[in-house]
Amino acid sequence: MDAFYASCELLRYPQLKGLPVVIGGGRRKEDDLLGKLQAAYPDGEWTAETFAERLDRIPVDFFPRIEGYTGRGVITTATYAARQFGIGSAMGLMKAAKLCPQAILLPVDFERYRHFSRTFKNIITDIAPLMQDRGVDEVYIDFTDVPGGQREGGRVLARLIQKSIFDATGLTCSIGVAPNKLIAKMASEFNKPNGISIVHEADLQTQIWPLACRKINGVGPKADDKLKGFGIHTIGELAAREPHWLIENFGKSYGAWLHEAAWGRDDRPVETESEPVSMSRETTFERDLHAVRDREALGAVFTRLCEQVAADLQRKGYEGKTIGIKLRYDNFQAVSRDQTLTEYTADAKHIRQVAGQCLKRVDLSRRLRLLGVRVGSLVKAGTAAALDNHPMVAAETEHGPQTLLFTDD
C-alpha cells in the first residue's frame, strides 16, 4: 500500500492532499479537538454528533505543524510530499521538524488503519486466494494458477487488484510482479505510488543488478556497510563475488544466501498461514526515567506493558514460556534478558512476575529511555500441558535491590 497510514488519514482529511503530512505521536482525544475547533471557529457547530461528518471542513490552518516540536515522538509514515524533504518512517519528529517545519502533524489511529488493512486483504483474497500476510500494509500473492493471471505477464491481474482496492477504499497500492518473492518485493518499490512493475528472469542484469545492495530485503545497514568496505555497492558487484569468498567473509549461511539473492534466486513459497514466534510491547519515554527516583511511574508503565502483552496473547489465542525484557539506556545502549519457564502462560500477573526477575539481571543504576516486555516460544492456547506451576528463578546480581520497583508484592 502507498504511504498507508498517511493515505488513510487523507481519506478523512482530503483538504490535506498534496501537503507534507507526517503521522506520529499519541492518539489525540476527540473532546480536546472539538473544544479547540469550537474555540477557533465559534460560528460552527462542532459537536460529537456532527464531528465525523465535518472532518473535510476543518481549515488547513487549524492543523498543528511540527515546527518547534520537542519530545521523542517517532514518525510512523509520511506523505510523498513530506518525503521530498528527506522525511521517512522511524525518523524522530524533532529531526523532521528541522527538515520540513511546515509539515502537518497528525496522530496515529491504529484502529482505522487495521480496518482498511482487513478491507484490502479481503478484496485480494477474493481475487487471488493464495495470499501471505506481511503486516498491516503489505502482502505476497501467488497468482500462478489464477485464471487470467498470466495475461501480459501478470499486468492484467495487477490492474484488477489495484482498481478493486481503489474502488472499495479510495486507497492506492503498488505491485511488483516477478518469478519469486525476493524480486517481487524489490519490484514493488520501482514505481511508487500506484505503479505496476514486471520483472522477468531475463531482466535480472538490467533491472536488478544496478540497484544498491541495500535494496535486497535482508541486507541491513551493518551488512551493507561491510559490503561497501569490500567495494561492493551494487547487486551486480555482489553477484560477481565467488560464493566461497562470501561464505568466508559473511559466514556459511548468510554468505551463501547473499550469493543466491544477488542472482535473484528464491524458492520460498507464498505461505497462507504462519504462526507468530513472539509478541511484545515497548514504550519510549518522553524523558529519561530512573529506577529509584521515578519508581512509581516506571512501575505503572511496566505493569501496563505486561497487561498489554497478555491481552494480545489472549486475544490471538496464544501462550508462551519465554518471557523477556528490553531496556535502552540514556546513552542509547540496549540490553535484553529473558527467562524460559517450564510451563506456558498468557497471564498478566505471571508475565509481570517473571519479567521482574529478568530485571534483576540488568543494571538499573542508569536512566532509562525505553522499556519493553516480550513473550516468546508461543503455542496455541491449550495445546501444551503445563509441566510445572512455578517459574524458574532468575539469578540474583548486585543490582537486585533496585528491582524492588518492579516486584509483585
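Keep in mind that the numbers below use all heavy atoms, side chains included, and drop hydrogens, waters and symmetry copies. Count residues from 1 along the sequence.
- Here the CG-OH distance, from Leu246 to Tyr254, works out to 10.5 Å after rounding to the nearest 0.5 Å.
- Using a distance-only test at 3.5 Å, with no hydrogens or angles considered, a donor-acceptor pair links the side chain of Arg337 to the main chain of Arg361.
- Of the possible polar contacts, one joining the Gln162 side chain to the Cys173 backbone as a donor-acceptor pair under 3.5 Å is found.
- The environment of CZ in Arg151 is sparse: at most 12 heavy-atom neighbours from other residues, nucleotides or ligands sit within 6.0 Å.
- Atom CZ of Phe85 sits about 9.5 Å away from atom CG of Leu99, to the nearest 0.5 Å.
- Asp61 contributes atom CG, which lies 9.0 Å from atom CD1 of Ile104 (distance to the nearest 0.5 angstrom).
- Contact annotation: the side chain of Trp257 never approaches that of Phe250 to less than 4.5 Å [non-hydrogen atoms, C-beta and beyond].
- The nearest pair of heavy atoms linking Leu105 to Gly24 is CD1-O, 3.9 Å.
- Around atom NZ of Lys121, more than 12 heavy atoms belonging to other residues, nucleotides or ligands sit under 6.0 Å away.
- A donor-acceptor pair is defined here as one N or O able to donate and one able to accept, closer than 3.5 Å; such a pair exists between the side chain of Arg65 and the backbone of Phe63.
- The shortest heavy-atom contact between Lys181 and Pro269 is NZ-O, 2.9 Å.
- To the nearest 0.5 angstrom, Asn217 atom CG is 9.5 Å from Glu189 atom CD.
- Side-chain N or O atoms of Asn180 include one that pairs as donor or acceptor with a backbone N or O of Gly264 at under 3.5 Å.
- A donor-acceptor contact shorter than 3.5 Å is absent between the side chain of Arg352 and the backbone of Phe302.
- Residue Glu138 places its CD atom among more than 12 non-hydrogen atoms of other residues, nucleotides or ligands, all under 6.0 Å distant.
- For the pair Leu11 and Gly170, the tightest heavy-atom approach, listed with the atom from each and the gap, is CD2-O, 3.8 Å.
- Counting only distance, with no hydrogens or angles, the side chain of Ser336 and the backbone of Ile325 share no donor-acceptor pair below 3.5 Å.
- Judged by distance alone, with hydrogens and angles left aside, the side-chain atoms of Glu9 form no donor-acceptor pair with the main-chain N or O of Val108 at under 3.5 Å.
- Distance alone, capped at 3.5 Å, is enough to place a donor-acceptor pair between the Asp347 side chain and the His350 backbone.
- To the nearest 0.5 Å, atom NZ of residue Lys163 and atom CG of residue Leu160 are 8.5 Å apart.
- For the side chain to side chain contact (heavy atoms under 4.5 Å, CB included) with Leu106, the lone residue among Val22, Leu16, Thr79, Leu10 that qualifies is Leu16.
- There is no side-chain donor-acceptor pair under 3.5 Å between Ser89 and Arg83.
- Under the salt bridge (charged side-chain N to carboxylate O under 4.0 Å, His left out) criterion, Arg315 pairs with Asp312, sequence neighbours left out.
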Under 3.5 Å, sequence neighbours excluded: what are the donor-acceptor pairs made by side chains of residues 232-240?
| from | atom 1 | to | atom 2 | distance (Å) |
| --- | --- | --- | --- | --- |
| Thr234 | OG1 | Glu237 | N | 3.1 |
| Glu237 | OE1 | His233 | N | 2.6 |
| Glu237 | OE1 | Thr234 | N | 3.1 |

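- Although no hydrogens or angles enter the test, the distance criterion places a donor-acceptor pair under 3.5 Å between the side chain of Asp203 and the main chain of His200.
- Annotation: Asp145, atom CG; neighbour count of heavy atoms from other residues, nucleotides and ligands within 6.0 Å does not exceed 12.
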### Task
Show your working on side chain to side chain donor-acceptor pair (under 3.5 Å) between Asp2 and Thr172 and close with a plain yes or no.
CA-CA 6 Å; Asp2 296 324; Thr172 65; 2.8 Å; yes

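- When the shell of 6.0 Å around CZ of Arg134 is examined, it contains 12 or fewer heavy atoms from other residues, nucleotides or ligands.
- Taking each heavy atom of Ser197 and Phe190 in turn, the nearest pair found is OG-CB, 3.2 Å.
- More than 12 heavy-atom neighbours from other residues, nucleotides or ligands sit within 6.0 angstrom of CD on Gln314.
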### Query
Going through the checks in order, is the side chain to side chain contact (heavy atoms under 4.5 Å, CB included) test met by Leu364 and Leu327?
CA-CA 10 Å; Leu364 291 175; Leu327 304 178; 3.9 Å; yes

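- In this structure, a donor-acceptor pair under 3.5 Å is present between the side chains of Asn331 and Arg366.
- When all heavy atoms of Tyr140 and Val270 are compared, the closest pair comes out as O-CG1, 4.0 Å.
- Distance alone, capped at 3.5 Å, places no donor-acceptor pair between the Lys321 side chain and the Val379 backbone.
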### Task
Tell me, with the steps shown, if Leu227 and Val219 meet side chain to side chain contact (heavy atoms under 4.5 Å, CB included).
CA-CA 10 Å; Leu227 287 168; Val219 175; 4.3 Å; yes

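- No side-chain heavy atom of Gln207 sits under 4.5 Å from any side-chain heavy atom of Met186.
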### Query
Between Glu282 and Arg328, does a salt bridge (charged side-chain N to carboxylate O under 4.0 Å, His left out) hold up when you go through it step by step?
CA-CA 11 Å; Glu282 63 182 44; Arg328 181 169 290 123; 5.4 Å; no

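- Closest non-hydrogen pair, Tyr5 versus Thr77, comes out as CB-CG2, 3.3 Å.
- Considering CG of Asn249 and NZ of Lys226, their distance stands at 6.0 Å, rounded to 0.5 Å.
- Within a 6.0 Å radius of OH in Tyr329, more than 12 heavy atoms belonging to other residues, nucleotides or ligands are found.
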